[in-house]
Amino acid sequence: MSRAAAFAAALSGLPGMGPATLVRILAQHDPEAAWHAVRAGRIERPTGAGRRAGMGGGPAGSRPWAEVAARVDPVPWWRPFAGSGVRVTWRGQPDYPAALVHDPHPPGVLFWRGELAVLDLPAVALVGTRNATPDGRSVAFELGRDLAAAGICVVSGLALGIDGAAHRGCLQAVADGGPGAPAGVAASGVDVPYPRSHAGLWGRVVEAGVIVSETLPGRPAQAWRFPSRNRVIAGLVRMVVVVESHAAGGSLITAEAALERGVDVRVVPGPVRSPASAGSNQLLYDGPGPVRSARDVLDAMGMILPDRPGGPPPATRPGPGEGPAAAVGPLPPPSGPGRDTAVAVPPSGPGRDPQPARRGGIDHRTHRGGIDQRGPAGRPAPADPADAGVLAALGRRPATVGQIMARSGFDASTVVRCLHSLLGREAVVETAGWWSRT
Amino acid sequence: MLAMVHSATLVGVQGQPISVEVHVSTGLPSFTIVGLPDASCRESRDRVRAAILSSGLKWPQKRVTVNLAPTSVRKGGSGLDLPIAIALLAADGQLPAPACSGRAFIGELGLDGSLRRVPGVLPLVDSLRRPEVVLPPPCAAEVGLLGGTRARCAATLGTVVQALIGARPWDDPPRLAPPPADPARPDLADVRGQPLGRLAVEVAAAGGHHLLMVGPPGAGKTMLAERLVGLLPDLTAAEAVEVARIHSAAGLPVPAGVLSRRPPFRAPHHSASPVSLVGGGGVQMRPGELSCAHRGVLFLDELGEFPADVLDVLRQPLEEGQVLVCRARASVTFPARVLLVAAMNPCPCGSEGGPGSCRCREAARSRYGARVSGPLLDRFDIRIHVDRPDVSELVGGDPAGAGGGSTGESTAVVAGRVEAARRCARRRGVAANSDIPARRLDELAPLERAATRLLETRMRQGWLSARGLHRIRRVARTIADLAGWPGPVREQDVYSALALRAPVVLGGVGAGRSGAGEWEP
């Protein structure tokens, strides 16, 4: 097995090897036989065929495969990777993610670290811009957290911004005992954290779930791999939720790939003037329905729907009542002493007023922690009257200390003191000098 | 026959005394200058010859050799024209030798024999230490600032010669136009709103803290920077002379007659080259903008548009207060004690709405942010966001309107507090609080217990680095000084100092270079 893995990995590393070619080769031979055929020159590099833009063809080297293969001994070459916890699966293997088996452009091999079986949970992708607003990140965090608490495998791309927030939310739910799991789809090798600042996040995702990648371990992220990575995300999940996307953002590619596969796409509506929501709002206008919270996502998935429309046959996908999803069961209404997070996501997009419609959410939050400093009316008032003044001056959109001073009339010292005290009570958050309400 | 005349040449901002020796002997007529003259100095052969002939004097049809001693120093500039001409006339016997001794000569000659201004006459005359210096009239007015030296002036070479032989009196130095009454300084009262911006310029002026303002175009960054220099206290007489000498060496107009006591304000455009900022260049090593702003404000608008290499040359001079410029032929130290004020947009598109509102491409943003290196960013004690004021602040009633939280104080009021704060710093033995060495912070700027606790908490939460801690403490000390609080730094002063150190992320939010680490909900 591990011997075959080494050969499968080595095959995927041949110059100019694309997923389509790899799938074809591995469908006809077992990996070791395929490798020997390559060395003997019986399998040759296809001449330009099957390499389409964005399909992972990549910049092709020019040497023939037999020559390359002659110089590599896959088994010792693969050993250090296997030793560091990198695993590989390919189409036809029992652990190959079921959702990808019937994908129109399936990955030939999939490298992974962690627990690949979490992909058998019902999976939802949360995708969005790297350059996100605090609101967007906070929505992504809550969606990730609440979906994971409901037993969903939260799939995202491990990038800055929305992706990172979604993973973190999911990780928090897992840490709190939620039945879901995170899955990261990387454009670089599974052992090459990208962006580097997310190295810690990668470690936590591997621990709690899985990171998969089509890219050979050790290889850096390259621009052309990202669209290809996005199609894997779309292929793995039952629904893609776009949280925030700039016009022409990469998450629109994921949405496009999802629509191609008949995977449901949903969009979190954003303020019409926010450039960070320009792309996602356009998508929303074009048709896909909106989601406001994890409840909307779960409703749309039904959690009674055995498999996604147009997706793979039920035989390959665990439906409700069988497989790991059975542990989740049909979603209960948020009652009882259990975790209520599955549905208690308040609408937190900017511009929405905290109106009585939110009452339910409020109850849940006070029930949950009793710490609630948000919103003006009907809420526990902040202890310090100056805190309230600062909170009032903060408004709905992010503001700087200078703006808060100008609006509240307080001096710098008071404003910063209140902001830090509100920060301690999680009533505000700060991003690069911009403060906003949670 | 041999004659010798004293003069001086400029090396950086220092004068270097030069002896001009001329030997006239029989032989084939020729005219050579030796002793490391540079191109502009060698050209004086032609100017001197034409000027002597135009002045109705005689050009010796002999072998003329000019030596500029000490020969090891490279001489540049045209200020040696006049001494060469005088020494030549003396060597040729057209002037009595005693008439030249005891005096020094500086000046450029026109082909018609007129005397022209040369830059750097203040340091030149200062280095000569001669009782009498003969100068072109505009320079004589400049030297009047020094006192102690008698400046003689004449309009042409002909009149210099006549005055030297006593045939006519020296010209009067040009009547000094009274210096214009302090040119209408921009007043801080013009700034509407911007309570944090006002606080920042006040603290920067009082403590000598470098200031970085980040904000969208039109937010008022330039307006604040221009008003900061008005808050700085007047220069002392010695400082004013020092500044005037640098400006003189740089060829900047030095106000005639009266020493300007106001600190300089220099705002070089972002197309500036490294040499134009720190100084250097030709043989004469002209001082750069950094030195021209010595004891004043160097304002770098559009900091992100300056090339990275230009900005990085500023780092070491900012730390040391001077810059040693080395070239193959000479090394020169320029004074460079400036208050650096910089302004930039948060990213190339200049978005104002905070995180997520930027329309730039990721690559463009990180390129923009990468221009300002971490070490340079670290030099800024004060970093604030400057935002466009709310409409109510702009149109609401009087500028002092309480609605905007603006006190609308004028420059005069704030400058008074700044002056008092600077006095506090001087009592500590430093010119400004930004000069307090880190190891003496506990002694010179102690903290109250609550303030210590606050800083400890902030550090533990990752808001502050160790280096940031020192800078915060200095700024907090300045804020306490401004409030007239003589005791240990209070908690509220630290809070204000924290307000003046926003975690500014250059290259826009989301570029992956966050001040306070990746944000987690």
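Lettering of chains follows the sequences in order, A, B, ..., and the numbering in each one begins at 1.
Only the side chain of A/Leu423 comes within less than 4.5 Å of a heavy atom of chain B; its backbone N, CA, C and O stay farther away.
With chain B as partner, the option from A/Gly136, A/Ser413, A/Ala140 having the largest number of non-hydrogen pairs under 4.5 angstrom is A/Ser413.
B/Leu196 CG to A/Ile404 CD1: the interatomic distance, rounded to the nearest 0.5 Å, is 10.0 Å. Rounded to the nearest 0.5 Å, atoms CG (B/Leu454) and CZ (A/Arg417) are 11.0 Å apart. In this structure, A/Gln403 CD and B/Asp387 CG are separated by 3.5 Å, a value rounded to the nearest 0.5 Å. Distance CD/B/Gln492 to CG/A/Asp411: 8.0 Å, rounded to 0.5 Å. Atom SG of A/Cys418 is separated from atom OH of B/Tyr495 by 8.5 Å, given to the nearest 0.5 angstrom.
When the shell of 6.0 Å around OH of A/Tyr194 is examined, it contains 12 or fewer heavy atoms from other residues, nucleotides or ligands.
Using a 4.5 Å heavy-atom threshold, the side chains of B/Arg458 and A/His420 count as touching.
Taking all atoms of both residues into account, the shortest heavy-atom contact from B/Ala499 to A/Val416 is CB-CG2, 3.1 Å.
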